Amino acid sequence: MRLPKFEYFEPETLEEALRLLAEWRERVCVLAGGTDVLVKMRNGRLKPGAVIALERISSLNGIGFDLRKGLTIGAGAKLSDVTSHPDILRYYPAIARAARVMANVQVRNMGTIGGNLCNAAPSAENAPPLMALGAVVTAASLEEERRITLDDFFRGPGLTAMKPEEIMTSIFVPTPPANSGASYQRISARCGVDIAAVSVGAMIMIEDTVCREVRIALGAVAPVPMRALSAEAFLKEKVWSEEFLREAARISADESRPISDVRASLEFRKQMVAVMTQRALEEAYGRAIKR
Amino acid sequence: MTAASIKEKQSLIGTSVPRIGVDGKLNGKALFSNDVAPKNSLWVKALRSELAHAKIESIDIKDALNTPGCVAILTAQDIPGNNSFGIINKDQPLLAGSKVRFVGDPVALAVAISEDVAELALSKIHVTYTELASIFDPEESLAPGSPFIHEKGNLLGKRLIKKGAPELAFEKADVIIERTYQTTCLEHAYLEPDAGYAYFDSDGKIVIYASTQNPHYDQADVASLLGLEADRVRIIQTNTGGGFGSKLDLNTQGFLGLACYLLKKPVRMVFSREEAFLCTSKRHPLKIKYKSAASKDGRLLAIDVKIMGDTGAYASYGLAVVSRSAIHATGPYEVPNVSIESVFAYTNNPIAGAMRGFGVPQVAFAHESQMDLLAEALGVSPLEIRRRNALRLGSTTATKQELTASVGIQTCIEAIAPHYEAIRNKTNSKDSKKLKGVGLGCMMYGIGNTGTQNPSTAQVELQSNGGIVLYSGAADIGQGSSTVLIQIVATELGVGAEKITLVNADTGLTTSAGATSASRQTYISGNAALDAARKLKEAILTEAATMLKANRKKLYMKNGNVLDSSGVDSSVSFEQIANKAKREGRPLKWQGFFDPDTTPLDPETGQGKPYATFAFAAQIAEVEVDILTAEVTVKKIIAAHDVGKAINPESVKGQIYGGAAMGLGFALMEEFIPGKTVSLKDYHIPTFSDMPPVECLIIEEPEPTGPFGAKGVGEPALIPTAPAILNAIADALGSRIYSLPANLERVMKAIHSGASKMKFRLNQ
Ligand SMILES: Cc1cc2nc3c(=O)[nH]c(=O)nc-3n(C[C@H](O)[C@H](O)[C@H](O)COP(=O)(O)OP(=O)(O)OC[C@H]3O[C@@H](n4cnc5c(N)ncnc54)[C@H](O)[C@@H]3O)c2cc1C
């Protein structure tokens with residue numbers, strides 16, 4: 001099936017893109033890699049009057065790292081660039097892993113990290129590790145530029161805190177604290193090319209065997225990627241032990257709110273939240289004490 | 001040098017001659033079914049029922065016809081011939097007339113200047129239905145009082161097989177194992193969704209290009225739909241991107257023929273992946289109740305098997321699956337007392353038809369699970385119980401067919417035995433969250449159609465330039481039959497493969513070779529080609545003897561020449577021979593024929609000789625199960641296959657690699673849920689990262705009636721894999737899964753029920 005007619009723009013600056021966006025308002029769709037957008041357009045769920053492609057706006061595509069501040073990933077950075085960036089591999093292995101285990105080579109070569117977040121699927125692969133690491137996104141409109149923490153970003157399946165006239169420009173991730181480690185774990189029905197049935201991102205900071213900071217984010221088990229706040233509260237300030245770890249995993253399963261669908265049943269998902277949380281925390285701990 | 005040893009030297013048999021046509025597939029120049037239509041072709045699209053079972057009250061096409069660019073809307077009324085087709089039972093309308101029987105049943109066609117316009121026109125057809133009660137379960141379908149899906153009732157067919165006195169044997173048995181196994185609908189998921197193109201040629205014939213496994217059947221059924229003589233329709237197979245059984249049905253050919261015939265214009269059609277998922281045939285879901293009895297010393301005494309199959313809305317190849325699943329229910333074992341009943345019913349589910357193995361992969365899951373359960377109950381190893389019961393020369397099958405040659409199952413088992421023992425002796429890793437297991441799967445598979453004639457024909461012609469043309473109706477769907485046929489003819493005539501021109505799978509130029517199914521083309525069409533080549537060889541040698549004034553018995557062929565082995569230095573070329581024969585009016589095109597020696601099965605007892613020969617195989621799967629997540633990783637597959645003779649060993653391996661992948665999908669992830677599964681996004685087939693290394697052990701127990709001893713391997717490749725994987729999972733977990741696929745949740749259940757018996761305890 002061919003797509004219905006639409007206008008197509010390839011602005012070269014962010015400002016131009018924002019102006020087009022303001023002009024066309026609701027009838028427009030922003031296109032990054034198109035790996036979500038084109039699927040929706042083809043099956044008729046999305047029928048924009050105009051499409052604004054971001055690919056030529058080079059300011060959106062960069063990845064920069066400053067040890068004192070943190071990592072800035074352009075919203076338009078390709079997933080394949082995220083997985084291979086040396087600083088991300090070194091300082092943010094959990095982020096690199098999420099981008100690497102998702103989809104397939106072709107999709108990772110086209111798809112962007114911003115697109116993955118803005119698409120706001122409950123299973124959005126990059127969300128849990130970014131949330132666990134305290135990421136903040138920047139959204140720009142013609143009027144202003146504002147920062148939104150990822151915790152506040154997701155509002156429902158396909159819904160975000162961004163306004164229709166805004167474009168996400170970048171994602172900032174603070175430098176992980178000393179003695180911290182992070183991990184990303186997922187399970188799906190097949191090894192490759194499958195949406196996660198459950199995914200977990202975790203970050204912990206250990207001081208003298210005490211868990212000083214902990215953030216756990218769950219994917220695909222609620223309408224939006226969610227923090228496991230009770231599990232975090234339970235672990236915080238506890239002396240690290242196998243027993244507490246298992247308890248935290250259990251709590252995190254309890255607070256998850258999955259549904260049953262073709263990929264997995266509610267019960268199985270809950271069970272997997274516990275397993276993935278435990279594995280994520282174990283790996284994060286291993287990394288934290290190595291530093 | 002004797003003539004025999006020279007011939008041996010020149011033989012292409014057993015050499016991996018590169019596939020013909022492989023360049024085009026690598027460089028993208030090969031034309032597939034959607035690539036042949038010229039620009040001016042009209043587009044055909046089908047309107048498909050969204051209801052599973054409903055009476056069609058009326059079809060209003062007025063609005064649709066007014067769509068600008070829409071050329072015609074066709075319904076059942078427009079079909080000039082017999083509006084019912086099907087390879088075995090003619091029970092499927094091309095366009096539904098009085099009622100629809102499944103979601104996806106076609107009710108009308110739009111023919112338009114573009115695909116978009118055709119689709120738009122379809123959306124303006126108004127069909128008024130009265131919904132009827134629908135049935136989705138075969139047992140329910142056969143229950144008294146169930147609404148009829150077809151006028152003749154809901155029973156597709158039944159096959160009974162009786163041998164010996166099973167009741168008595170069960171009474172005397174030392175162990176009895178009784179279990180029920182369930183499999184699901186599967187989608188073939190071939191690379192190339194169905195497509196085709198049709199036009200009228202200058203002789204007034206309808207020419208249809210299609211992605212097909214059976215051009216001569218297509219020709220007959222399209223002609224019957226149009227009320228024409230068969231020779232008014234010509235089917236040409238394009239390059240075919242996989243079939244696995246589904247392209248044995250008329251998927252686009254009938255629609256193309258109808259539109260082309262009525263409009264006298266070139267037309268084309270292509271299925272989207274979603275349409276192929278919705279309306280093409282599926283693998284039959286089977287429910288198999290299996291009871292086995294064995295003696296203390298590990299010998300099978302009896303089996304009692306009841307198979308219930310769901311054939312969906314129309315028969316397609318269903319009847320073949322009814323019989324084949326019954327005949328193969330014993331597996332490759334000698335069972336003295338047998339009672340098998342296979343019953344298939346119509347339902348309002350998608351059509352189930354032919355899919356690689358015709359029901360044998362499903363029954364193999366059952367018989368191989370039973371063998372392991374018996375072994376466990378008797379305290380013998382899975383390998384040993386198979387050794388003791390495997391068929392051998394002189395054994396009789398369930399249908400009391402005596403096996404007199406080429407029974408390679410024992411050899412296959414011995415070939416994998418050392419690997420099996422080696423894997424078994426590996427200790428489980430200290431990481432107790434991952435359990436290793438190893439499993440065996442064995443199978444037999446009858447080559448060719450079941451208990452019916454299924455001949456093939458071929459012609460081999462010597463041209464005046466000394467070149468050789470082989471004509472065969474056999475459709476190569478990617479498995480490599482064309483290359484094998486060329487190897488056979490080239491070897492017989494002592495020329496290189498490049499000297500043979502193949503004309504195949506075109507009903508205008510070739511005679512029928514039967515379907516590319518039932519793993520039959522190497523054995524049956526290979527024999528037909530060999531027969532033709534032999535006749536031509538005789539003719540050539542006779543000519544040469546006169547020309548060389550030599551003793552015919554001393555002559556041999558080499559590189560397109562006939563030479564004298566008696567020391568006289570004289571020779572004559574094929575070209576010279578061809579020219580002389582032509583001048584003198586002697587034929588240079590010879591016809592070959594082969595029909596395997598079979599007999600029909602007795603309707604009451606199932607006794608008979610359904611197949612002339614059987615392929616055998618034994619495979620091992622090594623798995624690792626993560627007991628916390630239920631993820632199964634297949635680490636290795638070792639596959640021993642008795643193919644009689646591997647005419648092209650790389651092609652044999654190709655079939656085994658692909659079969660193992662399909663078997664792994666069947667075992668672990670593939671499940672087509674009618675009404676839910678839409679496309680590859682929700683139907684998981686294995687990817688590269690799911691596949692382990694596959695090691696092939698080619699076993700050659702020559703089949704005396706096969707071309708150079710060959711049998712077949714296409715379907716056998718897949719059959720043992722799923723049973724081996726399921727047995728390996730059971731070995732790892734100490735508990736067994738009886739429903740396929742063994743997805744995460746089923747494995748998780750098995751982990752919990754097997755926890756007590758596990759080699760290592762769950763330490764969660
Ligand atoms: C075969 C396949 C497999 C996949 N597997 C996975 C998987 O395993 N895990 C997973 O999470 N996803 C998966 N996806 C989904 C998809 O690839 C990812 O979500 C990808 O990151 C989307 O990025 P994109 O650049 O292609 O987004 P696009 O499709 O271009 O855009 C997605 C959405 O974001 C909006 N958008 C994009 N950029 C911006 C911006 N800068 N500002 C504002 N709005 C913006 C678009 O308007 C659109 O609504 C898969 C997709 C396919 C086709």
Side-chain angles (χ1 to χ4, degrees), chain A residues 1-5 35-36 39-40 42-45 100-107 121 123 185-200 242-243 245-247 249-250 253 258 260-280 282, chain B residues 43 45 114-120 122-123 270-275 433 624 626-634 661 664-665 667-673 675-692 741-749 751-752 762-764:
Chain A
M1 193 195 76
R2 280 222 308 270
L3 298 174
K5 279 212 158 44
T35 62
D36 279 315
V39 174
K40 286 184 196 165
R42 275 195 52 140
N43 66 24
R45 273 193 293 154
R100 191 179 64 243
V101 294
M102 67 181 285
N104 55 24
V105 181
Q106 294 88 333
V107 170
S123 59
Q185 301 290 328
R186 56 118 65 181
I187 180 167
S188 68
R190 163 173 78 177
C191 286
V193 210
D194 190 22
I195 308 289
V198 169
S199 63
V200 175
E242 276 284 317
E243 193 193 328
L245 177 63
R246 274 203 295 277
E247 184 58 12
R250 196 193 56 74
S260 292
D261 66 12
V262 287
R263 266 163 240 289
S265 69
L266 185 156
E267 297 74 26
F268 184 76
R269 280 204 161 98
K270 281 209 170 240
Q271 228 177 321
M272 286 309 107
V273 171
V275 176
M276 294 297 128
T277 302
Q278 179 165 345
R279 284 189 183 170
E282 270 166 2
Chain B
W43 289 81
K45 280 253 152 206
S114 75
E115 203 177 10
D116 293 353
V117 172
E119 231 158 60
L120 184 66
L122 286 184
S123 70
V270 59
F271 284 4
S272 64
R273 179 63 70 183
E274 287 78 2
E275 190 168 15
K433 293 183 185 73
E624 193 173 83
D626 183 323
I627 53 171
L628 295 185
T629 62
E631 287 166 298
V632 176
T633 311
V634 181
L664 186 142
L668 299 179
M669 59 185 85
E670 294 188 35
E671 177 169 23
F672 184 96
I673 306 170
K676 284 197 176 151
T677 307
V678 174
S679 70
L680 289 166
K681 88 177 152 57
D682 32 36
Y683 187 80
H684 289 135
I685 57 175
T687 68
F688 269 105
S689 49
D690 296 287
M691 281 308 293
N743 56 24
L744 292 172
E745 312 226 8
R746 292 205 173 107
V747 175
M748 185 54 86
K749 264 200 199 124
I751 289 168
H752 287 295
L762 285 160
N763 62 346
Q764 218 181 338

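Residue numbers start from 1 in every chain, and the chains themselves are labelled A, B, ... in the order their sequence lines are given, proteins ahead of strands. Fair warning: this is a prediction, and the values are worked out from it, not measured in the lab.
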Any donor-acceptor N/O pair, A:Ser260 side chain to A:Leu266 backbone, under 3.5 Å: yes
Segment of B:Ile685 engaging chain A (4.5 angstrom heavy-atom cut-off): both
Contacting moiety of B:Asp690, where chain A heavy atoms sit under 4.5 Å: both
With B:Tyr683 via ring pair (Phe, Tyr, Trp, His ring centres under 6.0 Å) - residues at least two apart: B:Phe277
Structural part of A:Glu267 lying under 4.5 Å from a heavy atom of chain B: neither
Heavy-atom proximity to chain B below 4.5 Å, by part of A:Ala264: both
Side chain to side chain contact (heavy atoms under 4.5 Å, CB included) partners of A:Val39, counting only residues at least two apart: A:Asn43
Proximal component of B:Thr629, with respect to chain A [non-hydrogen, under 4.5 Å]: both
Derivation and outcome, salt bridge (Lys or Arg N to Asp or Glu O under 4.0 Å), residues A:Arg186 and A:Asp194: CA-CA 11 Å; A:Arg186 56 118 65 181; A:Asp194 190 22; over 6 Å; no
Electrostatic pair B:Glu745-B:Lys749, nearest N-O below 4.0 angstrom: no
